[in-house]
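This report refers to the structure that appears directly beneath it.
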Amino acid sequence: MKAFFFTLLGIALSLLVVDLVVPGVDLATFPAALLGAASIGVVNSFIKPILSVLSLPLNIVTLGLFSVVVNGLCFWLAAVAVPGFTVHGLFAFIFGPIVLSLVNTFLSNYFAQREPELEME
């Protein structure tokens, strides 16, 4: 249970960094970031696998580059579900999830080194 909260906190902090770095991604408050992190988790768990399977032919033709569009769509869908979390523009649609992934990977590795008994997901 402790690992779940660290994961949620890591994604929320990553969203705050994305808000600072990527123009077009706007977070109103820290609770909006927490809800956004939970929303991203739900969208990535339930909707992203369906979209990935449906877009498999396009993904094969584009040699995997269409997965960036699928990630952007999932990021946007998570933002639609949370008040105070908005994504505007193609730049935010594409680079928001990329920055989120990079920052979240860094924070997950940091938390894993600080608390080795926790297994981050």
Side-chain angles (χ1 to χ4, degrees):
M1 191 66 160
K2 193 175 176 183
F4 170 76
F5 289 116
F6 271 112
T7 302
L8 190 66
L9 180 65
I11 296 172
L13 291 174
S14 300
L15 275 175
L16 291 174
V17 171
V18 170
D19 179 35
L20 293 173
V21 173
V22 179
V25 176
D26 296 314
L27 279 163
T29 60
F30 184 70
L34 285 173
L35 286 174
S39 177
I40 286 172
V42 169
V43 168
N44 284 345
S45 295
F46 295 109
I47 297 174
K48 187 176 180 180
I50 295 168
L51 289 176
S52 295
V53 168
L54 291 175
S55 67
L56 188 60
L58 281 172
N59 221 351
I60 291 171
V61 168
T62 61
L63 301 175
L65 289 178
F66 194 75
S67 62
V68 173
V69 175
V70 172
N71 284 338
L73 184 62
C74 290
F75 187 68
W76 175 77
L77 282 174
V80 167
V82 177
F85 177 28
T86 58
V87 177
H88 297 289
L90 185 63
F91 185 79
F93 182 84
I94 298 296
F95 288 106
I98 293 171
V99 173
L100 178 71
S101 177
L102 293 173
V103 174
N104 191 35
T105 300
F106 172 76
L107 288 177
S108 295
N109 289 336
Y110 176 76
F111 284 148
Q113 288 178 356
R114 299 283 288 170
E115 296 285 333
E117 68 272 0
L118 292 177
E119 291 186 21
M120 300 302 289
E121 298 163 17

Considering all heavy atoms, the nearest A92-G24 contact: CB-C, 3.7 Å
Nearest-0.5 Å distance, CG of residue L58 to CG of residue L56: 9.5 Å
Verify same cluster id: L90, L77 (apolar side-chain graph, 4.5 Å): yes
Connected via hydrophobic side-chain network under 4.5 Å: L27 and V43: yes
Co-membership, hydrophobic cluster, residues V103 and L16, 4.5 Å side-chain: yes
In one Ile/Leu/Val/Met/Phe/Trp/Tyr side-chain cluster, 4.5 Å: F91, V21: yes
For F30, the option from L35, L15, L13 that meets side chain to side chain contact (heavy atoms under 4.5 Å, CB included): L13
Closest approach of P57 to L54 (non-hydrogen atoms, all atoms of both residues): CD-O, 3.7 Å
Closest heavy-atom pair and its distance - F85, G36: CD2-CA, 4.0 Å
Heavy-atom closest contact (V82 atom, S39 atom, distance): CG2-CB, 3.6 Å
Spacing of NZ belonging to K48 relative to CG belonging to L73, to within rounding of 0.5 Å: 11.0 Å
Atom pair CG (L107) and OG1 (T7), whose distance is rounded to the nearest 0.5 Å: 11.0 Å
Nearest heavy-atom neighbours spanning A37 and A12: CB-N, 3.7 Å
For G96 against V18, the heavy-atom pair lying closest together: O-CG2, 3.9 Å
Validation row: V25, T86 side chains within 4.5 angstrom (heavy atoms): no
Same apolar cluster: L51 and V80, side chain cutoff 4.5 Å: yes
Which residues share a ring pair (Phe, Tyr, Trp, His ring centres under 6.0 Å) with Y110, sequence neighbours left out: none
Nearest-0.5 Å distance that lies between atom CG in L9 and atom OG in S14: 9.0 Å
Sequence-distant partners of T62, side chain to side chain contact (heavy atoms under 4.5 Å, CB included), two or more places apart: N59, L65, F66
Test log, rule side chain to side chain contact (heavy atoms under 4.5 Å, CB included), inputs L100 and I40: CA-CA 11 Å; L100 178 71; I40 286 172; 3.8 Å; yes
Heavy-atom donor-acceptor pair, T105 side chain to S101 backbone, under 3.5 Å: yes
From I98 atom CD1 to N71 atom CG, the distance as rounded to the nearest 0.5 Å: 8.0 Å
